[in-house]
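Encoded as structure tokens, the structure appears first; notes follow it.
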Number of protein chains: 2
Amino acid sequence: MTKQRKVILEELHKVTSHPTADMVYEMVRKRLPHISLGTVYRNLEDLADQGEIRKLSIDGTRMRFDGNPEEHTHIRCIVCGRVDDIHFAPTVSMQDSISDNGYKILGHKLEFYGKCSECRKKDEIMKAKEKKRKSKD
Amino acid sequence: MTKQRKVILEELHKVTSHPTADMVYEMVRKRLPHISLGTVYRNLEDLADQGEIRKLSIDGTRMRFDGNPEEHTHIRCIVCGRVDDIHFAPTVSMQDSISDNGYKILGHKLEFYGKCSECRKKDEIMKAKEKKRKSKD
DNA sequence: ATATTAAATAATAATGATTACTATTACTGA
DNA sequence: TCAGTAATAGTAATCATTATTATTTAATAT
């Protein structure tokens, strides 16, 4: 556990925003200005391998990281891309309900998507403006 | 609907392997040897926007594409990376069970992971070899 | 304390997936 | 036929990630 790794883990524990590697780099750089991006990547990888954090592949081309290694569910805004944790208790064990397909099932990833309250608010504002504009014609 | 787009869609409908853009390119190239990779990317994007196909972000850094646009569940092998469709019927509407978080929920992505039968078979073979080797000592 | 070894780092280069750009080609309607 | 539009092929640029390498740090033995 080097100084760098320690700070990376600490910073990741501070937030619930599921940052990308680059975001983690910026966060950590405030405390360790000389840390290199490669070090951030390597430590995030190692921490994920050890089960201390989680790697999430939810927005396509870039990885996101979650300081909470517990299996839990995410919700992503399709407009702004933010990712939040949600509490979701499956009524039956989902994994038990799919057995006879040859796979040995080890876990699952569940992600809901929709519009977050902020983006919905912005939609309202846009609609109001639109209405105003039209009434002027 | 250009010739290129038509062939891309047809080839994607032929398989259940959830190919990457590059794999689609190779598949399509057999029929249209002069198609460019950029055209494949653009059409996959457009087809996904129109809801004809689905973009999947399940293996981290690269996108995969699914000729079946219906909401359904995937299972991925953590060893070889293959992705299969599975039939999964949630007992209650999962989306209804998470409401009061400010999000307007539009859908979900569910992915199970585990080991596919082929990789498990390989494991067995490896174990058998290991045993044999040890008994020789 | 000092030398020795291994591991981790910073800085940089290389890779791989995706996107952007541009000249050319194919289509469409007058 | 011809002008105008849209899509394409080919290529360059970008962005995220991984690999490389010399240097630094930490740990261990002398």
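Each chain gets a letter, A, B and so on, in the order its sequence line appears, and its residues count up from 1.
Here the shortest heavy-atom pairing between B/Val24 and B/Pro19 reads CG2-CG, 3.7 Å. Taking each heavy atom of A/Lys55 and A/Ala48 in turn, the nearest pair found is CG-CB, 4.1 Å. When every heavy atom of B/Glu11 is checked against every heavy atom of B/Met27, the shortest pair comes out as O-CE, 3.4 Å.
The distance from atom CG of A/Leu32 to atom P of D/dT25 is 13 Å, rounded to the nearest whole Å. For the pair A/Lys6 NZ and D/dT25 P, the computed distance is 18 Å after rounding to whole Å. One can place OH of B/Tyr25 at 14 Å from P of C/dT18, the figure rounded to the nearest angstrom. Regarding A/Met1, its CE atom lies at a distance of 18 Å from the P atom of C/dA7, rounded to whole Å. The CZ atom of A/Arg64 sits 17 Å away from the P atom of D/dC15 (whole-angstrom rounding). Distance, A/His34 NE2 to D/dT24 P: 13 Å, rounded to whole Å. B/Glu45 places its CD atom 17 Å from the P atom of C/dA17, with the value rounded to the nearest Å. Between B/Leu37 atom CG and D/dG10 atom P there is a gap of 12 Å when expressed in whole angstrom units.
At the phosphate of C/dA10, OP1 or OP2 sits under 4.0 Å from a side-chain N or O atom of A/Thr39. Put simply, B/Tyr41 has a side-chain N or O that comes within less than 4.0 Å of OP1 or OP2 on C/dT18. Taking only side-chain nitrogens and oxygens, A/Arg42 never comes nearer than 4.0 Å to OP1 or OP2 of C/dA8. For C/dT9, the OP1/OP2 oxygens have a side-chain nitrogen or oxygen of A/Thr2 closer than 4.0 Å.
Residue contacts for B/Ile35: at a heavy-atom cut-off of 4.0 Å it reaches the sugar-phosphate backbone alone, with no base atom in range. No contact: B/Asp22 has no heavy atom under 4.0 Å from any strand.
Across D/dA9, C/dA11, C/dT9, the shortest atom-to-atom separation from the side chain of B/Gln4 is found for D/dA9. In the set D/dT17, C/dT18, C/dA10, D/dT17 carries the atom at the smallest distance from any side-chain atom of A/Met63.
Comparing A/Gly38 and A/Lys3 along DNA chain C, the residue whose closest nucleotide (by nearest heavy atom) sits nearer the 5' end is A/Lys3. For A/Phe65 and B/Val40, each mapped to the nucleotide of DNA chain D holding its nearest heavy atom, the one lying further toward the 5' end belongs to B/Val40.
Aromatic ring orientation, B/His18 versus B/His74: perpendicular (interplanar angle above 60°, classes split at 30° and 60°).
Tracing side-chain contacts under 4.5 Å through hydrophobic residues (I, L, V, M, F, W, Y), one reaches B/Val7 starting from B/Ile35; they form part of the same cluster.
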